[in-house]
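Heads up, the thing below is written out as structure tokens.
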Amino acid sequence: MKSSAVLLILLTLLMNMGRTQSKTQDHLDYISEYKDIAIREMQRAGIPASIKLAQAILESEAGKSDLARRANNHFGIKCNPEWDGKKFYKKDDDYDNKGKLIESCFRVYKDAESSFIAHSEFLHDPEKIERYGRLFRLDITDYRKWAKELKAAGYATAGDYDKKLISLIERYELHKYDQFYTEPDEIIASEESTNDAYMLNNDVKYVLALDNEPVAEIARRTFTSVSTLLNYNENLISSDQRLPKDVKVYLQPKRSSYRGKQTWHYVKQGETMLDISNQYAIKLNDLYERNLMPEDSQPAPNERIKLRGSKLTEIPKLISDLNTNHTAEPTLLFEEEEEVVAAKPVSTYPQRDTTASVTNTQNSLPVIIGGNKPEKPQQTTNETATPIDNTQNNAANIAVKPTTPTVAKPEVDEPKPDNNGENEDFFESGKPLEKPVSAAIFHTVAKGDTLWNIAQRYATTVVAVKKLNNLNSDSIQLGMKLQVR
């Protein structure tokens, strides 16, 4: 009897050893197959290869689970309202309002590598920054802290989730793969391969676009989804958008402020808030908010934009302010025999090398800010030229030297035609002069054009261009004729 009990115990031990050896071999095979992807994702997304492999082994049962085999989902990532791909349903940890366990919706991927990439994007999702943002402030070689932080963030419901990860990492020495990580700013790339190297700006990884490269191709070569690039880069609007050479494309969310020592940026001629946002890897909306500027507004040259710290107490000077000042600037006329000179506005801001100076001669047109066409010059009604009252006239300031004096007409008691308060003083033969109308400006879409760069070229905004052309989306076609003003 005793011998039978001993034999049963021995058989049980042998069976358990067999299962353990089989399980260990499954794990080793899995690690061998996916370690290179984990290392590549570590370098791209900053997630330790040891953590990614341990999570994948645990969540996918080393690739043997139904979810891994039938849906290529190795990390147990569930659907969300924005997920429009294929779905796989199985019972997990979701319950209905009566407490009954129901099927959960999981994402389906085309292959295992896509699942590994999606796991990185899941942790980097800007909407989950409150949960997972602290992970990326940890040392990439400290797998124990990463495991504990993942548990604290609620990645899985198991109370010992962190201990399971640490056990797998130490059992298979997965931490040795974390040593392959290289800081992005330490990558030395040849001139030919500069665009393939990850670089760092304000602690945010980015690559440089190749000449006329589509967004979809950048996503492919950086193992990133197009939607991720569109989320992280405010200047990108579609997968087929082509970028000029050396444009920065960020692979991680920009920061809310600048982490360097510089506090202020002085605006150069023609520079936009988006340019500044991309230069310092600061989110555009945070940059607007810190500087109290309305969305889509642009700062005037020589103004300073705050990059970090508390908000400003006063809004900087805007381009729109300069446009208003320009059109309202009075024009001075002198005696008939003297040269006509337009009064030059006095700037209250320090002059920088980036500000171009323009001198208007007698027969030259003035510089027009904002694209407005000058109105027809007005003629005086006396032999000697007198200053024109421009308080109700928004015409551009063009001074014209009179050539032939005109004889003043006697006042007429007839009431002047109602002109809505505009150009009341300008009449010829008792009739008001026709109010000039600025001609519309059009742009024909060429290869590589986007709504964003077209708007920048004509000093306007994407919203304004879409409104002028009744566009419901940011998609434009080659050869399309767009009104830009």
Side-chain angles (χ1 to χ4, degrees), residues 234-238 240-242 244 269-275 293-301 318-331 342 345 356 358 360 363-379 388 390-400 417-428 431-485:
E234 297 93 340
N235 58 316
L236 305 186
I237 59 174
S238 65
D240 57 353
Q241 177 184 352
R242 293 180 177 272
Q269 186 75 32
E271 199 168 38
T272 67
M273 288 293 280
L274 183 56
D275 295 332
M293 293 172 59
E295 188 177 351
D296 288 338
S297 63
Q298 302 303 336
L318 305 179
I319 283 287
S320 56
D321 298 332
L322 297 185
N323 289 347
T324 302
N325 292 340
H326 179 80
T327 55
E329 191 69 33
T331 302
V358 180
N360 294 331
N363 297 318
S364 65
L365 289 175
V367 175
I368 299 173
I369 300 178
N372 296 322
K373 290 187 66 176
E375 293 192 6
K376 182 177 179 180
Q378 311 302 330
Q379 296 184 354
I388 295 176
N390 278 339
T391 57
Q392 293 177 315
N393 178 30
N394 292 326
N397 301 322
I398 303 176
V400 179
D418 183 10
N419 198 30
N420 296 325
E422 297 182 5
N423 301 325
E424 291 178 355
D425 298 329
F426 305 131
F427 288 85
E428 185 177 352
K431 297 181 180 180
L433 294 176
E434 183 179 355
K435 184 179 178 180
V437 179
S438 297
I441 300 175
F442 291 88
H443 173 85
T444 302
V445 178
K447 187 176 180 181
D449 275 349
T450 65
L451 282 178
W452 178 80
N453 63 33
I454 293 172
Q456 295 296 304
R457 191 178 310 167
Y458 293 93
T460 182
T461 66
V462 171
V463 173
V465 174
K466 288 173 68 174
K467 186 175 180 180
L468 281 173
N469 296 275
N470 297 320
L471 296 177
N472 296 322
S473 72
D474 293 329
S475 178
I476 55 177
Q477 304 296 326
L478 191 67
M480 182 184 291
K481 191 173 183 180
L482 298 175
Q483 183 178 348
V484 293
R485 286 196 178 279

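Source: prediction; values computed, not measured.
Distance CD/Q298 to CD/E271: 10.0 Å, rounded to 0.5 Å. Considering CZ of F442 and CG of N469, their distance stands at 8.0 Å, rounded to 0.5 Å. Atom CG of L471 and atom CE of M480 lie 6.5 Å apart (nearest 0.5 Å).
Residues I319 and P299 share a closest heavy-atom pair of CG1-O, 3.4 Å. For the residue pair L468 and R485, the shortest heavy atom distance occurs at CD1-N, 3.8 Å. Heavy atoms only, all atoms of each residue included: S297 and M273 are closest at O-CG, 3.8 Å.
Heavy-atom neighbours of Q483 CD from other residues, nucleotides or ligands within 6.0 Å: above the threshold of 12.
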Listing, residues 459-467 side-chain donor-acceptor contacts under 3.5 Å, not counting sequence neighbours, or none:
from : atom 1 : to   : atom 2 : distance (Å)
T461 : OG1    : A464 : N      : 3.1
K466 : NZ     : D474 : OD1    : 3.1

